[in-house]
**Student:** 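Handing you this structure, nothing more for now.
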There are 2 protein chains.
Amino acid sequence: MNLESPRSRYQQVADDLRDAIKRGDHPPGSTLPSQPELARRYGLNQTSINRAIAVLRAEGLVRVEHGRGAYVQEIPTVKRVRRIDKEHRPHTGSSAYAEEMRKSGLTPRTELVRVDTVIPPAEIAELFGLGETERTLIRHRHMFAEDVPLQIATSYIPMSYAGSTDLALPDTGPTGIYSRLAERGHEPVRFTEEIEVRAPDPAEARFLRISEGQPVFEVLRVAIDAQDRPVEACVNILAALQWRLSYSWRQEP
Amino acid sequence: MNLESPRSRYQQVADDLRDAIKRGDHPPGSTLPSQPELARRYGLNQTSINRAIAVLRAEGLVRVEHGRGAYVQEIPTVKRVRRIDKEHRPHTGSSAYAEEMRKSGLTPRTELVRVDTVIPPAEIAELFGLGETERTLIRHRHMFAEDVPLQIATSYIPMSYAGSTDLALPDTGPTGIYSRLAERGHEPVRFTEEIEVRAPDPAEARFLRISEGQPVFEVLRVAIDAQDRPVEACVNILAALQWRLSYSWRQEP
DNA sequence: TAGTGGTCTAGACCACTGC
DNA sequence: CAGTGGTCTAGACCACTAA
């Protein structure tokens, strides 16, 4: 521990632990030494050690379980692919999400938390050009892989396109929804995805099992029909440090 | 200040300040009250206040300048667009980056920091299928808008495609590079972008003027030619909390 | 110089886990 | 119960900024 360094001591501890993890001294799934133990080793106060570990938490390198210890993250970096060129998504019954999970060798599971009609958030209402009292169908889902929570999905469809909540039952994923929208003459032909990173709200952090300091992706996908009307909007929330988003396209000459 | 709350005091202070900022009590560009002042108001220790402000920093809501104060961020959320459907990028001489900035009403500026030949990082070498001693052309650029640093771009091209560093001079942005690759028979026809979020290294944090706790986007764009060979890889680093990435495509029926 | 934020300590207490 | 992490304080000192 270099006391003269311009780098603060807790940062040096964080750097040291980070290096140790990357070297494999603390393999994924194992716990770091306890804070009092680290304090002893580095000759520092527990408060400083706690702060060093907060740095590693913010980086997604460790996950702390109160009363148990600081676990080295088993880097479950998942790849989420939007393939946009010719080889498009197959028309199987299963969702793109399920396809992606299976490709990664994981068992997907989706829990349909809520189907209802609501007055949507302002951003969504504006997108659809809805008045303040107009309602949308809402589908709120929790998605898992191997029982690990991975993603929150909330989809909105204006009632004028949806007709009734029956559209969403049983839960069939977006593919099913799109087929039913197509039957009603609102087949999506164009999509946009907007990606934002922000701090999670407490509920999101709890579900995704991350601390409130860790960023999440908020991906807004909008499906647009041939008349250029947005017919569905879907908000996905993912732990940003555990995902890699991928897009692929062919440049038209 | 609710001392009995399960929510810790520094979190309550952070919540309170966050609400005040969103209400407009502390407009963008202004400073928060000093830490000793806040400590007095909330009846807490300065250490706790400091911690509360660390939360807001991690969220990108405030930017702290040592010795000066904690400034409320003038949320310069920039939109970076990949338009993938028919109306493709115009073949003007200027880069996609410059186009995007002008669309947002900002004056772009690019600084060519370095043009050289190097042995690339392992990830890049693997992508190109290069041996451990094979070199690539490297173009390292810093990009600004209104003199605010916005983006770091590092592009790699295997020497077998580039021929010499002349390819990169003068700096013309990717469009120019792609034209010259086309002249050499390696016109890119397909692209992939992979988006990751991670903690910045100290140099990146310093250049982007963010604290080390704030996440950055690492966007890896790979250009692929008609023979399915990757011919260029470009790594972009952006402050994740200040950007919104946007993709748009047409679904083939 | 005075005012700002950043770090550190010693010691305390609490909440949670698991035996 | 002992061991874990989480929070808080009082007080101190440092580094940076601005007058």
Side-chain angles (χ1 to χ4, degrees), chain A residues 1-17 26 29-58 61-73 202 205-206 209-214, chain B residues 1-17 26 29-58 61-73 202 205-206 209-214:
Chain A
M1 186 65 26
N2 177 1
L3 299 184
E4 306 307 317
S5 165
R7 197 149 176 87
S8 53
R9 301 186 200 176
Y10 78 91
Q11 282 285 6
Q12 292 182 54
V13 173
D15 293 346
D16 199 51
L17 291 173
H26 305 291
S30 69
T31 60
L32 297 184
S34 78
Q35 292 184 3
E37 167 64 14
L38 288 171
R40 195 192 58 71
R41 284 198 208 168
Y42 286 104
L44 294 177
N45 193 290
Q46 181 187 334
T47 308
S48 302
I49 299 297
N50 186 288
R51 210 169 162 188
I53 289 180
V55 171
L56 302 182
R57 291 175 63 169
L61 267 179
V62 302
R63 167 183 43 85
V64 173
E65 298 188 19
H66 195 163
R68 274 210 277 255
Y71 291 81
V72 178
Q73 278 284 28
R206 205 176 328 113
R209 295 189 198 160
I210 57 179
S211 64
E212 292 194 22
Q214 282 191 35
Chain B
M1 187 62 26
N2 178 3
L3 299 183
E4 304 309 318
S5 165
R7 197 151 176 85
S8 54
R9 301 187 198 176
Y10 78 90
Q11 283 285 6
Q12 291 182 54
V13 172
D15 294 346
D16 200 51
L17 291 172
H26 305 292
S30 68
T31 60
L32 297 184
S34 77
Q35 292 184 3
E37 167 65 12
L38 287 171
R40 198 191 54 72
R41 283 198 209 169
Y42 287 103
L44 295 178
N45 194 289
Q46 182 187 332
T47 307
S48 302
I49 299 297
N50 186 288
R51 209 170 163 187
I53 288 180
V55 171
L56 302 182
R57 290 174 65 169
L61 268 179
V62 303
R63 168 183 43 85
V64 173
E65 298 188 18
H66 195 165
R68 272 210 280 258
Y71 291 81
V72 178
Q73 279 282 28
R206 205 176 327 112
R209 296 191 198 157
I210 58 178
S211 63
E212 292 195 23
Q214 281 190 34

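These figures come from a predicted structure and were not determined experimentally. Within every chain, numbering begins at 1; the chains are lettered A, B, ... in the order of the sequence lines, protein sequences first and strands thereafter.
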**Student:** Measuring from atom OG of S34(A) to atom CZ of R40(A), what distance do you get when rounded to the nearest 0.5 angstrom?
**Tutor:** 9.5 Å

**Student:** Distance check needed: dT4(D) P versus L38(A) CG, whole Å only.
**Tutor:** 10 Å

**Student:** Determine whether V62(A) and H26(A) make a side-chain contact, defined as any pair of heavy atoms from C-beta on separated by less than 4.5 Å.
**Tutor:** no

**Student:** Using every non-hydrogen atom in the two residues, find where Y10(A) and A52(A) come nearest and quote the distance to one decimal.
**Tutor:** O-CB, 3.3 Å

**Student:** Answer whether the closest heavy-atom distance between the side chains of V13(A) and L38(A) falls below 4.5 Å.
**Tutor:** no

**Student:** What are the two closest non-hydrogen atoms of R63(B) and R209(B), and how far apart are they?
**Tutor:** CD-O, 4.4 Å

**Student:** Please confirm whether the shortest side-chain N or O distance from S34(A) to OP1 or OP2 of dT4(D) is below 4.0 Å.
**Tutor:** yes

**Student:** Generate the contact string for nucleotides 7-17 of chain C. Rules: B means base contact, S means sugar-phosphate contact only, - means no protein heavy atom under 4.0 Å.
**Tutor:** BBBBB---BBS

**Student:** Please state how far atom CD1 in I53(A) lies from atom P in dT4(D), giving the value in whole angstrom units.
**Tutor:** 12 Å

